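Given the structure is predicted, the values throughout are model-derived calculations rather than measurements. Just so it is clear: chains get the letters A, B, ... in the order the sequence lines come, proteins before strands, and each one is counted from 1.
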Protein chains: 2
Amino acid sequence: MSTIKDFYENSVSYDNEQIFVQGWIRNYRFQKKIFFINLNDGTYLKDLQIVCKENITVDFNNIKEKLQIGASIYVKGHFIMTSKADQPFELLASKIVVLGTSSHKYPIQPKKHSRAFLRQLTHLRTRTKLFGAIFRIRSSVCQIIHNFFHQEGFFYIQTPIITSGDCEGAGELFQVTTLDLNQIPLDENLHVDYQNDFFGKKTFLTVSGQLEAEALALSLNKVYTFGPTFRAEKSHTSRHISEFWMIEPEMAFYNLQQNMELAQKMLQNVIQKCLEQNTQDLEFLQQHIEPGLIERLKNVAYLKTFPQITYYEALEILLKSNVKFENKLFYGVDFASEHEKFLTEVYFKKPVFIINWPIRIKAFYMKNNSDNKTVAAMDLLVPKVGELIGGSQREENLDVLITKMKDFNINIEELEWYLDLRRFGSCVHSGFGIGLERLLIYMTGIDNIRDVISFPRVNK
Amino acid sequence: MSTIKDFYENSVSYDNEQIFVQGWIRNYRFQKKIFFINLNDGTYLKDLQIVCKENITVDFNNIKEKLQIGASIYVKGHFIMTSKADQPFELLASKIVVLGTSSHKYPIQPKKHSRAFLRQLTHLRTRTKLFGAIFRIRSSVCQIIHNFFHQEGFFYIQTPIITSGDCEGAGELFQVTTLDLNQIPLDENLHVDYQNDFFGKKTFLTVSGQLEAEALALSLNKVYTFGPTFRAEKSHTSRHISEFWMIEPEMAFYNLQQNMELAQKMLQNVIQKCLEQNTQDLEFLQQHIEPGLIERLKNVAYLKTFPQITYYEALEILLKSNVKFENKLFYGVDFASEHEKFLTEVYFKKPVFIINWPIRIKAFYMKNNSDNKTVAAMDLLVPKVGELIGGSQREENLDVLITKMKDFNINIEELEWYLDLRRFGSCVHSGFGIGLERLLIYMTGIDNIRDVISFPRVNK
């Protein structure tokens, strides 16, 4: 069966054809002996206009009663090209069957609903033009990313969701257990006895698949993960969420420079392809969410190179800016959102890589530079969201890595396997992580992360 | 930089060229004034043969000492076509740099290791030919599935991993919590007070994204999930695992028949494309794991239709078979693995759909048939693994669904949102689920599920 997307993309081929279509009523209006239905089937932003005339549509009066916003119908009819620019074709109905009724209680009426209101209706909000557009873009972006890595010779891998520790120190963790919380078994010291838990030890939800991805990169060469990660942070900002999706490529024999080139290429590929595939959806978002959205994206899509500056240079720019930032600036501080925004939105007005970060504010596994003060790390800052991508070259030297792990209080015993990767055939390697939802905020202009994931998980 | 895969796939274009390559030493052998290295870089099953001659390779003696199985090296040299069938080209090295050494402790030596042994070395086992092949196939299968659904007009969606209930009654659940298990807060009845837990209620890891996928199908039309699911079952069989990946397509306006056609098309697409893309890997598995593997796959790839029989017909076949099954057979029993194997391997000798299952042994959301005894469900049984795909038409009638939920003791209050999908624009819709690891057992001939997922999570 043809979809409304097919009709819009190949309208000429349907001209004068007998067709049938199924979808949901978005809106309708009655005139004396004629009525119009805006039908949408989810495949495309725009609706199909159904025209019902009394003498053509058999069950005109019977049907008329049952037509309600939100109802699903089957329509058979005659596809007609019109000369109107805003309505290039319509369907002259000869038969309409109501498949599923609706009622006046249907909460999604043809008027503007606030996104906060729709957030209470996550199971229905994708029936609106706005959320339809967002989730079609989400699907495209995912598909583009998969294709990009596949074409670049990467293998798609899945790293574990249930893990035994917070190897990154990335923040608060969710614990995973099968113990009965009403009857916690205790050991002789009256602490929880994890011998009785499912895995015989304390387990958590993953914050990153990177360490495991390194193992697979050091055997399969270039790999990437695409899966959920978790943070049990009790933040209520529009940027935080407890469950989100990450893409983490990891490449053997890549240095930091190659890592950044890949990150730029990936981002530009996503933008270019999404502009092609989701033209209508992006135009709708530009009209209703962010004026200039498409221009903003196009300006980045074909940039030759994103500028690269060191952390120290970035710090100097910020200090010399004469802007009164709320957060103090000094060597060794991690930049706050206001700093990131100034650098990328005000100073550079484009994406910028910040490299060579102070050792202490980055993770233990990042490669020490020869100055022994900084690591070969990179953050990609972009206008609108700030930090979009974070990555680094990984410390491939066994002795340096062990020293760093001790400095960072990392449990070496738990990570003996990770050290094996440096014992046997270690090599320069790099990778980065990009949060899917942050990327979607960037692509859609939507400012609340809860609006770009279908069923957001947030702290109560 | 070119990869070993490039050399094998376009060897002629490299003939006589100066090239360089990086990878890990799989094996080597010395002769008097010449030595040979088998180099692998993970991109391809086969190794590249490096030839080092004393008068050509500058640092011959120095290098010779450091060459160890598992070490990573950089090689520059001259690509030469040979006339040998088993070794159509080789690299005459002019420079070799050892990037990362190895040692005699490297556990993956060039001999046959048992898979049980390698299961203790999940971080290194992908450096073997066998596990390299398996995980290259895994990546291909994932990519083929994404492409298939994309080409069929599906949207890729992500459903929540953290959920508030076992909606399916699918088995034991993992609980997710941020409570301190050493200090569980209690309410006035001395039960755990979940008001203080992260989400303000008891939460679990998902067993299926289907219910949420239905919400998105009834707005976006055709969607599919591709993500991790969890079972806290304490099984130690080679078929069970606690964390595995599922693909769950869900389609508005699809009935059971269309659902089965899609399932068959998807499976055949995976087989056809994987046979093309992973020829070498599959041939290796055929040689070392399952004789006749490729023939088995080819026999299914182009079958016109898979036979369809009802549960009742399947039961009759089993009862008339004269086979002494261990598990009792009677109307209403769920088939055991031995029954599935008989039907698909002995009786039909090909994939077979079993449809119209007794209501009580299938989930509450499946559509009641008009006989009010069976549901419009389908299981696809295939030789080698038994049940590979399970799906159904979904009950779209509100009243019938509510009655079923009561019968099945499903918490209706928690699923009001799910009922909304039947209140507003309900329609015939269907979907199925396929476990990625089961599919990989089917595709590779590997019999232990722990060998087709990179870091298996199993009960201690």
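- With a 4.5 angstrom heavy-atom cutoff, I157(B) does not touch chain A via any of its atoms.
- Judged by distance alone, the side chain of S140(A) and the main-chain N or O of R136(A) form a donor-acceptor pair under 3.5 Å.
- The candidate with the highest count of non-hydrogen atom pairs below 4.5 Å against chain A, out of G227(B), S219(B), A252(B), is S219(B).
- The minimum heavy-atom distance linking D187(A) with D193(A) is given by the pair N-CB, 3.7 Å.
- When I73(A), I4(A), D6(A) are each tested for a side chain to side chain contact (heavy atoms under 4.5 Å, CB included) with V21(A), only one passes: I4(A).
- Note: Q158(A) leads Q158(A), R423(A), R457(A) in heavy-atom pairs under 4.5 Å with chain B.
- In plain terms, the two heavy atoms of S72(A) and S426(B) that are nearest each other are OG-O, 2.6 Å.
- Looking at Y194(A), only its side chain comes within 4.5 Å of chain B, counting heavy atoms on both sides.
- For R127(B) (side chain) and N40(B) (main-chain N/O), no donor-acceptor pair under 3.5 Å exists by modelled atom type.
- Listed options G42(B), G100(B), G425(B) were ranked by heavy-atom pairs under 4.5 angstrom with chain A; first place goes to G425(B).
- Contact of K105(B) with chain A is made through backbone and side chain together, with heavy-atom distances under 4.5 Å.
- Proximity to chain A (any heavy atom under 4.5 Å) is shown, for F244(B), by neither the backbone nor the side chain.
- Nearest approach of S454(B) to L216(A), heavy atoms of both residues: CB-CD1, 3.9 Å.
- Proximity to chain B is limited to the backbone of A217(A), based on heavy atoms less than 4.5 angstrom apart.
- With respect to chain A, the highest number of heavy-atom pairs below 4.5 Å among I162(B), D420(B), D197(B), I184(B) belongs to I162(B).
- When all heavy atoms of F198(B) and K234(A) are compared, the closest pair comes out as CE1-CG, 3.8 Å.
- For a residue to count as touching a neighbouring chain, one of its non-hydrogen atoms must lie under 4.5 Å from one of that chain's; by this rule Y224(A) touches chain B with the side chain only.
- The side chain to side chain contact (heavy atoms under 4.5 Å, CB included) with E437(B) is formed by just one residue from the set E243(B), R138(B), M246(B); it is R138(B).
- Taking L99(A), L218(A), I453(A) one by one and counting their heavy-atom pairs under 4.5 Å with chain B, the maximum is reached by L218(A).
- Looking at F230(B), only its side chain comes within 4.5 Å of chain A, counting heavy atoms on both sides.
- For the residue pair Y156(A) / Q143(B), no side-chain donor-acceptor distance below 3.5 Å is found, with atom types taken as modelled.
- Side-chain atoms of N221(B) come within 3.5 Å of backbone atoms of D41(A) as a donor-acceptor pair (strictly under, hydrogens ignored).
- Looking at W417(A), the atoms closer than 4.5 Å to chain B (heavy atoms on both sides) sit in the backbone and in the side chain alike.
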Just do the ring pair (Phe, Tyr, Trp, His ring centres under 6.0 Å) check on F174(B) and F174(A) with the steps written out, would you? CA-CA 12 Å; F174(B) 287 106; F174(A) 286 106; over 10 Å; no
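- Of the atoms belonging to L205(A), it is side-chain heavy atoms, and not backbone ones, that fall under 4.5 Å from chain B.
- Interface remark: L124(A) contributes side-chain atoms only to the contact with chain B (heavy atom separation under 4.5 Å).
- Among V192(A), L181(A), I108(A), T178(A), the residue with the largest count of heavy-atom pairs under 4.5 Å with chain B is L181(A).
- Side-chain atoms of S102(A) come within 3.5 Å of backbone atoms of I69(A) as a donor-acceptor pair (strictly under, hydrogens ignored).
- Not one N or O on the side chain of T206(A) forms a donor-acceptor pair closer than 3.5 Å with the backbone of T163(A).
- For P160(B), the parts lying under 4.5 angstrom from a heavy atom of chain A are both the backbone and the side chain.
- Q258(B) places a side-chain N or O within donor-acceptor distance of the main-chain N or O of N255(B), the cut-off being under 3.5 Å.
- For S242(B), the part lying under 4.5 angstrom from a heavy atom of chain A is the side chain only.
- Of all the listed residues (F455(A), F253(A), Y74(A)), the one sharing the greatest number of non-hydrogen pairs under 4.5 Å with chain B is F253(A).
- Comparing K201(B), R125(B), H150(B) by how many heavy-atom pairs each has under 4.5 Å with chain A, the most go to H150(B).
- Considering only heavy-atom pairs separated by less than 4.5 Å from chain B, the leading option among V458(A), N397(A), L398(A) is V458(A).
- Highest contact tally toward chain B, considering only H191(A), K222(A), M1(A), is held by H191(A) [criterion: heavy-atom pairs under 4.5 Å].
- Contact of N147(B) with chain A is made through backbone and side chain together, with heavy-atom distances under 4.5 Å.
- In this structure, no portion of L121(A) lies under 4.5 Å from any heavy atom of chain B.
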